[in-house]
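All remarks here apply to the structure that follows.
The shown structure was predicted, so the numbers you read here are calculated from the model rather than taken from an experiment. Residue numbers start from 1 in every chain, and the chains themselves are labelled A, B, ... in the order their sequence lines are given, proteins ahead of strands.
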Amino acid sequence: MKIATWNINGIRARIETAVAWVREAQPDIVCLQEIKTVDEGFPAVAFEDLGYNVATHGQKGFNGVALLSKLPFDEVNRGLPGDDGDEQSRFIEGVFSVPSGALRVVSLYLPNGNPIGTEKFAYKLAWMERLRTWAAARLLIEEPLVLGGDYNVILEPRDAKDPSLWTGDALFQPESRQALRAIEALGFTDALRATTDAGGLYTFWDYQAGAWQKDNGIRIDHVLLSPRATDHLVSVGIDKHVRAWEKPSDHVPVFVELSL
DNA sequence: ATGGTGGATATTCCA
C-alpha cells in the first residue's frame with residue numbers, strides 16, 4: 001500500500017503535472033493540499049479515468065484539500081473539529097477497508113502562520129492544538145492512521161538548507177516546533193525519521209531567488225503514522241525529481257509504503 | 001539589494 005502526500009499548489013494549473021506523477025508513481029492513496037478550488041472545480045474525471053475515487057474539501061481561491069484512492073471510501077469526514085467558526089478547508093479524512101480492518105488517512109494543510117505576532121500565527125497554533133486534541137481521540141481507536149500533509153513546520157535545523165534564513169518565520173518558531181512535537185508525543189512516528197537521520201532531505205523549494213537551483217529547501221511535508229501504521233512501515237521516499245519538471249509545484253510528493 | 005515567483009482573483013491576497 002503506497003500512500004503519498006503532495007501540496008499541489010493549484011490543481012487546475014497543475015492537472016497535467018499531477019496526472020503525469022500519478023501515472024509514474026502509481027500510489028494507492030494520495031493526500032493533496034492547496035487545491036485552490038471549490039469542489040465543483042476539481043478535475044475529478046482526470047483521476048477517475050486512472051482508476052481513483054475522489055473526495056474533496058475545497059474552498060474558493062485558497063487552501064482546499066483532497067484524497068484520491070484506488071480503494072473505495074467507506075467514510076469521508078471534512079473539516080478539523082474543534083471550531084465551528086473556522087471556514088478554512090484544511091482537513092479531510094477518509095476511511096478504507098483493508099484485510100486487517102480499517103485504515104484511516106488524513107490530508108491536512110496546516111496554516112502557514114506568517115507573519116508571527118499576528119492573528120495568523122495565533123490561528124496556526126490554535127489549529128495545531130485542535131489537531132492534537134483530535135489525534136489523541138483517534139489514537140484510542142488503535143487503528144492504522146496516516147496523517148499526510150503540508151505541516152508548515154520545520155522541525156529541526158537539519159530540515160533546512162540554511163536554518164538562519166528561517167529565524168523569525170512562523171514555520172521555524174519554537175512554538176510551532178513544540179506544537180508538532182506535542183502531536184508526535186501522543187505516539188505518532190515521523191515516517192521519514194523512522195528510516196533516516198540524514199539532513200538535506202527537503203520537500204519544498206521556493207519559486208523565488210533560485211531556491212531550487214541552489215537546493216535551498218526545507219522539509220515541511222510530513223507523513224505521521226499511528227503505532228498500528230508504524231508496525232507496517234516498509235519504506236519512505238521523497239519524489240524530488242518532480243520539482244525539476246515543467247510547471248512544478250513548489251512542493252514535491254512524499255510517500256510511504258505500508259505492508260497493509 | 002526590502003527585490004525575487006506563482007496561482008487565483010480581481011486590479012490584491014496568500015504563500
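Rounded to whole Å, the distance from NZ on A:Lys124 to C1' on B:dC14 is 14 Å. The interatomic distance linking A:Arg90 (CZ) with B:dC14 (P) rounds to 11 Å, in whole Å. Rounded to whole Å, the distance from CG on A:Asp169 to P on B:dA15 is 11 Å. The interatomic distance linking A:Asn63 (CG) with B:dG7 (C1') rounds to 13 Å, in whole Å. Straight-line distance from the CG atom of A:Asn112 to the C1' atom of B:dG6: 15 Å, rounded to whole Å. Protein atom CG of A:Asp250 is 14 Å distant from nucleotide atom P of B:dT5, rounded to whole Å.
Remark: aromatic rings of A:Trp245 and A:Trp21 are distant, center separation not under 6.0 Å.
Around CD of A:Glu16, the count of heavy atoms belonging to other residues, nucleotides or ligands within 6.0 Å does not exceed 12.
For the atom pair NE2 of A:His222 and CG of A:Leu147, the computed distance is 12.0 Å after rounding to the nearest 0.5 Å. The distance from the CD1 atom of A:Ile8 to the CZ atom of A:Arg14 is 6.5 Å, given to the nearest 0.5 Å.
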Using a cutoff of under 3.5 Å, can you pull out all pairs of nitrogen or oxygen atoms linking the protein to nucleotides 8-11 of chain B, with atom names and distances?
residue, atom, partner, partner atom, Å
B:dT9, OP2, A:Arg12, NH2, 3.1

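Using a 4.5 Å cut-off between side-chain heavy atoms of Ile, Leu, Val, Met, Phe, Trp and Tyr, with links allowed through other members, A:Leu260 and A:Leu145 fall into different hydrophobic clusters. The hydrophobic clustering, which links ILVMFWY residues whose side-chain heavy atoms are closer than 4.5 Å, places A:Val153 and A:Val252 apart.
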Stepwise, does the ring pair (Phe, Tyr, Trp, His ring centres under 6.0 Å) test hold for A:Trp212 with A:Tyr207? CA-CA 7 Å; A:Trp212 168 245; A:Tyr207 289 121; over 10 Å; no

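We find that A:Arg228 and A:Glu142 are joined by a salt bridge, their nearest charged nitrogen and carboxylate oxygen being less than 4.0 Å apart.
Only A:Tyr207, A:Gln208, listed by number, bring a heavy atom of residues 202-223 of chain A to less than 4.0 angstrom from any atom of DNA chain B.
Taking atom C1' on both nucleotides, B:dT9 is separated from B:dG3 by 24 Å, rounded to a whole Å. Straight-line distance between the C1' atoms of B:dA15 and B:dG4: roughly 14 Å, to the nearest whole Å. Atom name P, nucleotides B:dG6 and B:dA10: the rounded distance is 22 Å, in whole Å.
Listed by first and then second residue, the ring-ring contact (aromatic ring centres under 6.0 Å, His included) pairs involving residues 39-68 of chain A are A:Phe42-A:Phe47 (not counting sequence neighbours).
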